[in-house]
Visitor: 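Here's a structure for you.
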Amino acid sequence: EPRVSVVIPNYNGIEFNRTCLMAMRRQTRPADKIIVVDNGSTDGSLEEIREQFPEVELICFPENTGFTGAVNAGIKASEGFDFVILLNNDTEADIHLVEELLRAIQVNKNIFSCQAKMLKMDDPWKMDDAGDYYCSFGWAFARGKGKSAELYTKPKALFSCCAGASIYRLSVMEEIGMFDENHFAYLEDTDIGWRARIRGYRNIF
């Protein structure tokens, strides 16, 4: 049975964390470990997690290390695991998220990452992100943003997965490295997906 952790970065996310973590409790296939990495929050969110979600492992930084610093700390804390799911704290995951991402990434050992379908929280009939692309002009952009969710129902090869709700194969990260902390926040997921592609791995929606 593969082992999978869920890593959730937090920076003053008290208004989001409860919804996110309650969704993790409802999973049909629970994660083997849930790690919240805190980037120096001052809003009481840490105290709330300690009190209401004792099953969560907390990693606390005194200052904001950015998305990349936080997720890399969570990935290091997942040593010995097969996979890691990175999840934004302003999400509410479907109950099958962990189960389905695990199923998808195990289809082929050549798959580095798989992304979940991300819907807009305030308008769930519309897409937020169906994968990330990078074009010849040097622009990265989210596939499907603002379009009808009905248009995005089939698996598809991607340039890279959005790290807001994706699973990654840790054995490949040992080969290509973790997230580049020069990308404090944004484009770090495009960069790591690109590095995986250069080595012949695939990223899937």
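Not measured: the values here are computed from a predicted model.
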Visitor: Measure centre to centre between the rings of Y168 and F179, then say whether the value is under 6.0 Å.
Guide: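 Yes, they do, as the ring centres are separated by less than 6.0 Å.
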Visitor: Spell out, as yes or no, whether a donor-acceptor pair under 3.5 Å connects the side chain of Q106 to the backbone of L102.
Guide: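 Checked: pair present.
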Visitor: Please tell me whether Y134 and W194 form a close aromatic pair, meaning their ring centres lie under 6.0 Å apart.
Guide: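 Yes, ring centres under 6.0 Å apart.
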Visitor: With a 6.0 Å cut-off on the ring centroids, do W139 and F137 count as close?
Guide: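 They qualify: ring centres under 6.0 Å apart.
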Visitor: Between C20 and I8, which heavy-atom pair has the shortest distance, and what is it?
Guide: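 Smallest heavy-atom distance, with atoms named: SG-CD1, 3.9 Å.
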Visitor: Before you tell me yes or no, could you show the steps for E55 and K33 under salt bridge (charged side-chain N to carboxylate O under 4.0 Å, His left out), namely the whole-Å CA-CA distance, both residues' side-chain angles and the distance that decides it to 0.1 Å?
Guide: CA-CA 8 Å; E55 71 273 23; K33 180 152 69 164; over 6 Å; no
Visitor: Short question: side chain of Q27, backbone of A23 - any donor-acceptor pair under 3.5 Å?
Guide: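 Looks like yes, one N/O pair under 3.5 Å.
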Visitor: May I have the step-by-step check of side-chain contact (heavy atoms from CB on, under 4.5 Å) for I49 and L58, ending in yes or no?
Guide: CA-CA 9 Å; I49 293 168; L58 275 169; 4.1 Å; yes
Visitor: Would you say K109 has more than 12 foreign heavy atoms packed within less than 6.0 Å of its NZ?
Guide: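 No - once you tally the heavy atoms of other residues, nucleotides and ligands closer than 6.0 Å, there are 12 at most.
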Visitor: Just by distance, do the side chain of S45 and the backbone of S41 share a donor-acceptor pair under 3.5 Å?
Guide: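 No.
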Visitor: Using a 3.5 Å cut-off and no angle test, enumerate the donor-acceptor pairs between side-chain atoms of residues 142-167 and protein atoms at least two apart in sequence or in another chain.
Guide:
from, atom 1, to, atom 2, distance (Å)
R143, NH1, A130, O, 2.8
K145, NZ, D128, O, 3.1
K145, NZ, D128, OD1, 3.3
S148, OG, E150, N, 3.3
S166, OG, C162, O, 2.6

Visitor: Hey, does the side chain of Q52 reach the backbone of R18 with a donor-acceptor pair shorter than 3.5 angstrom?
Guide: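 The answer is no, because no donor-acceptor pair under 3.5 Å joins these two groups.
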Visitor: Pair I85, V7 - check side-chain contact (heavy atoms from CB on, under 4.5 Å), show working.
Guide: CA-CA 6 Å; I85 293 171; V7 173; over 6 Å; no
Visitor: Do M118 and M121 belong together in a cluster built from hydrophobic side chains that touch within less than 4.5 Å?
Guide: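 No.
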Visitor: Just how far is it from atom CD of E47 to atom CG of D43, taken to the nearest 0.5 Å?
Guide: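 These two atoms lie 8.5 Å from each other.
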Visitor: Under 4.5 Å between any side-chain heavy atoms of D180 and I192, yes or no?
Guide: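 Heavy-atom side-chain distance check fails, nothing below 4.5 Å.
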Visitor: Using 0.5 Å steps for rounding, measure from the OG1 atom of T91 to the CZ atom of F16.
Guide: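 Answer rounded to 0.5 Å: 10.0 Å.
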Visitor: Is a side-chain N or O of N72 found less than 3.5 angstrom from the main chain of M178, in a donor-acceptor match?
Guide: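 Not confirmed, N72 side chain does not pair with M178 backbone.
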Visitor: Are V172 and V107 joined in one hydrophobic group, where the rule is that I, L, V, M, F, W and Y side chains link up if heavy atoms are under 4.5 Å apart?
Guide: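 V172 does not cluster with V107.
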Visitor: Please find the pair of heavy atoms, one from D38 and one from G40, that lie closest to each other, and give the distance.
Guide: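 Looking at all heavy atoms of both residues, the shortest contact is OD2-N, 3.1 Å.
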Visitor: Linking I/L/V/M/F/W/Y whenever any side-chain heavy atoms sit under 4.5 Å apart, do L119 and F205 land together?
Guide: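 Yes, because L119 and F205 connect within a single hydrophobic cluster, where side-chain heavy atoms sit under 4.5 Å apart.
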Visitor: Given side-chain contact (heavy atoms from CB on, under 4.5 Å), test S78 with L170 step by step and report yes or no.
Guide: CA-CA 9 Å; S78 305; L170 287 171; 4.2 Å; yes
Visitor: May I ask you to decide if R202's main-chain N or O and R197's side chain share a donor-acceptor pair within less than 3.5 Å?
Guide: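 A pair under 3.5 Å: no.
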Visitor: Nearest 0.5 Å please: distance from the CG atom of L87 over to the CG atom of L97.
Guide: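 Reported value, rounded in 0.5 Å steps: 6.5 Å.
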Visitor: Should F81 and V71 be counted in the same cluster of Ile, Leu, Val, Met, Phe, Trp and Tyr side chains packed under 4.5 Å apart?
Guide: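 Linked within one cluster.
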Visitor: Rounded to the nearest 0.5 Å, what separates atom CD1 in I34 from atom CE in M24?
Guide: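 Separation between the atoms: 6.5 Å.
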Visitor: Using atom types as modelled and distance alone, determine if a side-chain donor or acceptor of R199 lies under 3.5 Å from a backbone N or O of I176.
Guide: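 Such a contact is absent between R199 side chain and I176 backbone.
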Visitor: Taking F112 as the starting point, is it possible to reach V84 by hopping between hydrophobic residues whose side chains are less than 4.5 Å apart?
Guide: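 V84 and F112: one cluster.
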Visitor: For the residue pair A73 and V37, what are the closest heavy atoms and their distance?
Guide: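 A73 and V37 have their closest heavy atoms at CB-CG1, 4.2 Å.
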Visitor: Here's a test for you: under side chain to side chain donor-acceptor pair (under 3.5 Å), which of D132, D129, N203, D189 qualifies with Q115?
Guide: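 The option that passes is D129.
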Visitor: Go through E57 and V36 one step at a time and tell me if the side-chain contact (heavy atoms from CB on, under 4.5 Å) criterion holds.
Guide: CA-CA 6 Å; E57 180 177 317; V36 170; over 6 Å; no
Visitor: Checking side chain to side chain donor-acceptor pair (under 3.5 Å) between R29 and each of E1, E100, H96, which is the one that passes?
Guide: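 Going through E1, E100, H96 one by one, the side chain to side chain donor-acceptor pair (under 3.5 Å) with R29 is satisfied by E1 alone.
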Visitor: CG of L101 to SG of C114: how many Å apart, nearest 0.5 Å?
Guide: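 Spacing of CG (L101) from SG (C114) equals 7.0 Å.
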Visitor: CG of N17 to CG of N89: how many Å apart, nearest 0.5 Å?
Guide: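 Atom-to-atom, N17:CG and N89:CG are 5.0 Å apart.
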Visitor: Will you find, in the side chains of N39 and N10, an N or O donor that is under 3.5 Å from an N or O acceptor?
Guide: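 No donor-acceptor contact under 3.5 Å links the two side chains.
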Visitor: Search all heavy atoms of F53 against all heavy atoms of M22 and return the closest pair with its distance.
Guide: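 Taking every non-hydrogen atom into account, CE2-SD, 3.8 Å.
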Visitor: Which atom names give the shortest non-hydrogen contact between G177 and R195, and what distance separates them?
Guide: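 That closest heavy-atom pairing would be O-NH1, 3.6 Å.
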Visitor: Start with the C-alpha distance between T28 and E99, add both sets of side-chain angles, then the distance that settles side chain to side chain donor-acceptor pair (under 3.5 Å), and finish with yes or no.
Guide: CA-CA 7 Å; T28 51; E99 180 185 352; 2.4 Å; yes
Visitor: Of the non-hydrogen atoms in A70 and P9, which two are nearest, and what is the gap between them?
Guide: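 Heavy atoms only, the tightest pair is CB-CB, 3.9 Å.
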